[in-house]
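Read through the structure below, which is laid out as structure tokens, and then see the notes.
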Amino acid sequence: MTNKNIYNDLQSRNMVHDAIEGVADLLGSKSVTLYNGFDPTADSLHIGHMVPMIALARFQRFGHHVIALAGGGTGMIGDPSGKSDERNLLTADETRHNVEQIQKQLSHFLDFEVKTNPARILNNGDWLNKINLIDFLRDIGKHFSVNAMLAKDSVRSRIDRESGISFTEFSYSLLQSYDYYHLFKNHGCTLQVGGSDQWGNITAGVELIRRKLGETAYGLVYPLIKKKDGSKFGKTAGGAVWLDPKRTSPYKFYQFWLNADDGDVINFLRFYTFFDMDKIAELEDKTVNHPEERAAQRALAEEMTYMMHGQKALDNARQATAALFGGDIDGLSADDIRDIFSDVPSKSIHNADLAGAPIDLATFLSETTGFLKSKGEARRAIAEGGIYLNNRRAADPALIVTPANFIEGSFLVLRRGKKNYFLVKLAG
RNA sequence: GGACGGUUACCCAAGUGGCCAACGGGGUCUGACUGUAAAUCAGAUAGCAGAAGCUUUCGGAGGUUCGAAUCCUUCACCGUCCA
């Protein structure tokens, strides 16, 4: 870390999308208490949340006091920012469960033990659930102009849509503003950070604090991560890339970063890693001159997997990658297969299942194993040349699957396309 | 409560009695090329069968008709305007 000031560090990473005037001076002059909210809409965060998470860790490393705010209360309402449609409401139980899970994930990055400035996790349900409606409308609501709220992007874009916006979500920014007010008053929190979609909510909170207390609070937002083609970041064929290894295996997680586009990878390094700018510049140089080596992608994938899932998971992901993309898997033993494919979806079948009527490949892929949704899809996939048995293309839909196809009589590796694996285990 | 408009496959959207399993675009999948890229090109994208054919689908239910996504009735939801 070459910059002494977190603001400069963020700026050199292109991570300051917008900031309230004075933030740079504030962060340069003293240790600040700041917070970032996390919405418990699912029981795991995904990589879209990692930028703010890691950014909080950056603040902490620079000696600031960070608060991760789990939205146990606001999560019950739903933030309209960045959402094109009304959300389904979560139950109190779901929300509580999600908050617990998310807290665990936050603890991967934040240090709660350090004496000088330990990170804290608070849950806004602790105060929001106690609010009295009349008091809230009189004390807080009075400070908000509906005219101004209607002008906000997040609201206006929804009003323009057919489905509209409910009063529930419309009120969301009042609650988030109240959070900030509460933290400002009770925890001395003077800065709120978040993704750029939070700008409106943050400034609303700043405004509330100014009106109620006559004091100045600050806000800073990061750009939303976009891929260079403008498509949504963090989605793969299987959906979002989650931090929970049960939802997205470490191998898939590793692969996700490894597959980053040349045009995106440097930005990802800036946003997601703690690498200093010299190291990033070096990797950028390699990407420009020797893109085929994908040095930046490799560094990114290793760093991210290590940070999130640890050394052992990284080793496994690396080993699996070497085996799967290195060539033939026929040379592998059953034990190797078991290890390498521990992440991959699998299905156990019995010898008896193959002993009866002969099972052709298309039926095997769909009905027997459930790898593909329907026999038609299986037939199509085979005809397209997209099906591989033990990494060898299988082009004949009439092929009969027998125990002889299984490595050491126990494993059959199915593959669709380049990267979709499925393991069939044969048991006696 | 009233008037009008809308509800089509993953999304957007065409289709207003048979030529509709439903134009087009996006997305997704597969192949070729490649660096496990990008861009590009090609094919696929309801189920069963895979030659023909059959079954289920156009908000829900019912009806008219030889035949409906298309017409009628009714219900639900959404939007706009009026109260």
Side-chain angles (χ1 to χ4, degrees), chain A residues 83-88 156-167 169 226-241 249 251-269 283-284 286-302 304-305 317-329 340-341 343-345 360-363 365-367 370-389 391-399 413-422:
Chain A
K83 299 285 184 302
S84 51
D85 289 302
E86 184 84 7
R87 298 203 217 163
N88 295 322
R156 201 175 41 205
S157 67
R158 287 281 296 276
I159 287 178
D160 291 343
R161 285 176 68 92
E162 280 193 0
S163 48
I165 182 171
S166 68
F167 180 74
E169 288 196 14
K226 274 222 194 79
K227 294 210 274 188
K228 82 171 204 266
D229 61 4
S231 67
K232 204 149 188 187
F233 168 74
K235 301 278 185 196
T236 64
V241 178
S249 71
Y251 168 75
K252 282 243 175 69
F253 187 81
Y254 178 86
Q255 284 286 326
F256 172 81
W257 298 107
L258 193 61
N259 281 313
D261 191 284
D262 290 354
D264 292 323
V265 68
I266 301 304
N267 249 340
F268 291 174
L269 285 168
L283 288 168
E284 185 168 15
K286 280 193 187 159
T287 299
V288 171
N289 295 314
H290 296 283
E292 73 285 357
E293 285 176 14
R294 290 184 304 153
Q297 280 90 338
R298 276 176 222 284
L300 177 67
E302 304 218 337
M304 295 311 293
T305 309
R318 238 197 238 132
Q319 192 199 355
T321 297
L324 297 185
F325 294 98
D328 229 348
I329 63 170
I340 290 168
F341 291 92
D343 272 355
V344 160
D360 65 272
L361 185 55
T363 307
L365 289 169
S366 51
E367 282 164 32
F371 178 36
L372 301 181
K373 277 201 298 295
S374 69
K375 218 164 160 182
E377 183 181 344
R379 246 189 280 265
R380 231 178 287 128
I382 295 166
E384 287 167 342
I387 291 295
Y388 300 78
L389 299 185
N391 269 4
R392 255 193 222 120
R393 180 172 281 174
D396 179 11
L399 177 93
V413 178
L414 303 178
R415 188 178 119 205
R416 165 119 195 248
K418 286 196 173 65
K419 297 169 191 175
N420 297 304
Y421 286 90
F422 189 94

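Numbered from 1 within each chain, the chains take letters A, B, ... in sequence-line order.
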To the nearest 0.5 Å, what is the distance between [atom1] ([X]) and [atom2] ([Y])?
{"X": "A:Met304", "Y": "A:Tyr254", "atom1": "CE", "atom2": "OH", "result": "13.5 Å"}
{"X": "A:Phe325", "Y": "A:Lys418", "atom1": "CZ", "atom2": "NZ", "result": "9.5 Å"}
{"X": "A:Leu365", "Y": "A:Arg416", "atom1": "CG", "atom2": "CZ", "result": "9.5 Å"}

So what's [N] paired with, Watson-Crick or G-U wobble, going by both distances under 3.5 Å?
{"N": "B:C23", "result": "none"}
{"N": "B:C29", "result": "B:G43"}
{"N": "B:G17", "result": "none"}
{"N": "B:G1", "result": "B:C82"}
{"N": "B:U34", "result": "none"}
{"N": "B:U56", "result": "none"}
{"N": "B:C77", "result": "B:G6"}

Nearest-angstrom distance, [atom1] atom, [N] to [M]:
{"N": "B:C71", "M": "B:G15", "atom1": "C1'", "value": "16 Å"}
{"N": "B:C78", "M": "B:U30", "atom1": "P", "value": "39 Å"}
{"N": "B:A21", "M": "B:A14", "atom1": "C1'", "value": "15 Å"}
{"N": "B:A38", "M": "B:A32", "atom1": "P", "value": "15 Å"}
{"N": "B:U73", "M": "B:G18", "atom1": "C1'", "value": "24 Å"}
{"N": "B:A51", "M": "B:A44", "atom1": "P", "value": "15 Å"}
{"N": "B:U57", "M": "B:C10", "atom1": "C1'", "value": "15 Å"}
{"N": "B:G25", "M": "B:U40", "atom1": "P", "value": "15 Å"}

If I take atom [atom1] in residue [X] and atom [atom2] in nucleotide [N], what distance separates them, rounded to the nearest angstrom?
{"X": "A:Arg298", "N": "B:A37", "atom1": "CZ", "atom2": "C1'", "answer": "12 Å"}
{"X": "A:Leu324", "N": "B:G35", "atom1": "CG", "atom2": "P", "answer": "19 Å"}
{"X": "A:Phe256", "N": "B:A37", "atom1": "CZ", "atom2": "P", "answer": "15 Å"}
{"X": "A:Phe253", "N": "B:U36", "atom1": "CZ", "atom2": "P", "answer": "22 Å"}
{"X": "A:Asp264", "N": "B:U36", "atom1": "CG", "atom2": "P", "answer": "18 Å"}
{"X": "A:Glu293", "N": "B:U36", "atom1": "CD", "atom2": "P", "answer": "12 Å"}

5' precedence on RNA chain B between A:Ala381 and A:Gln297 (nearest-nucleotide basis): A:Ala381

Of A:Gly386 and A:Lys418, the one whose closest RNA chain B nucleotide lies more 5': A:Gly386

Shortest non-hydrogen contact from A:Tyr388 toward A:Arg393: OH-NH2, 3.1 Å

Considering all heavy atoms, the nearest A:Phe371-A:Asn420 contact: CZ-O, 3.8 Å

A:Glu377: which of A:Lys375, A:Lys373, A:Arg379 passes salt bridge (charged side-chain N to carboxylate O under 4.0 Å, His left out): A:Lys373

Base, sugar-phosphate alone, or nothing: which one does [X] contact when heavy atoms must sit under 4.0 Å apart?
{"X": "A:Leu258", "answer": "base"}
{"X": "A:Arg393", "answer": "sugar-phosphate"}
{"X": "A:Tyr388", "answer": "sugar-phosphate"}

Quiz item: A:Gln255 side-chain donor-acceptor pair to B:U36 base, under 3.5 Å: yes

Donor-acceptor pair present, A:Glu384 side chain and B:G31 base, under 3.5 Å: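 A donor-acceptor contact between them is absent.
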
Non-hydrogen side-chain atoms of A:Leu269 and A:Ile266 separated by less than 4.5 Å: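 Side-chain contact under 4.5 Å: yes.
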
Min side-chain heavy-atom separation A:Asp262-A:Gln297 under 4.5 Å: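 In contact.
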
Residue pairs involving residues 287-299 of chain A (criterion salt bridge (Lys or Arg N to Asp or Glu O under 4.0 Å); sequence neighbours excluded):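 Residue pairs passing salt bridge (Lys or Arg N to Asp or Glu O under 4.0 Å), neighbours aside: none found.
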
Where protein sits on nucleotides 47-56 of chain B, one letter per nucleotide: B base, S sugar-phosphate only, - none, heavy atoms under 4.0 Å: SSSB------

N or O in side chain of A:Asn259 less than 4.0 angstrom from B:A38 OP1/OP2: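 So the side-chain polar atoms of A:Asn259 never come under 4.0 Å of the phosphate oxygens OP1 or OP2 of B:A38.
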
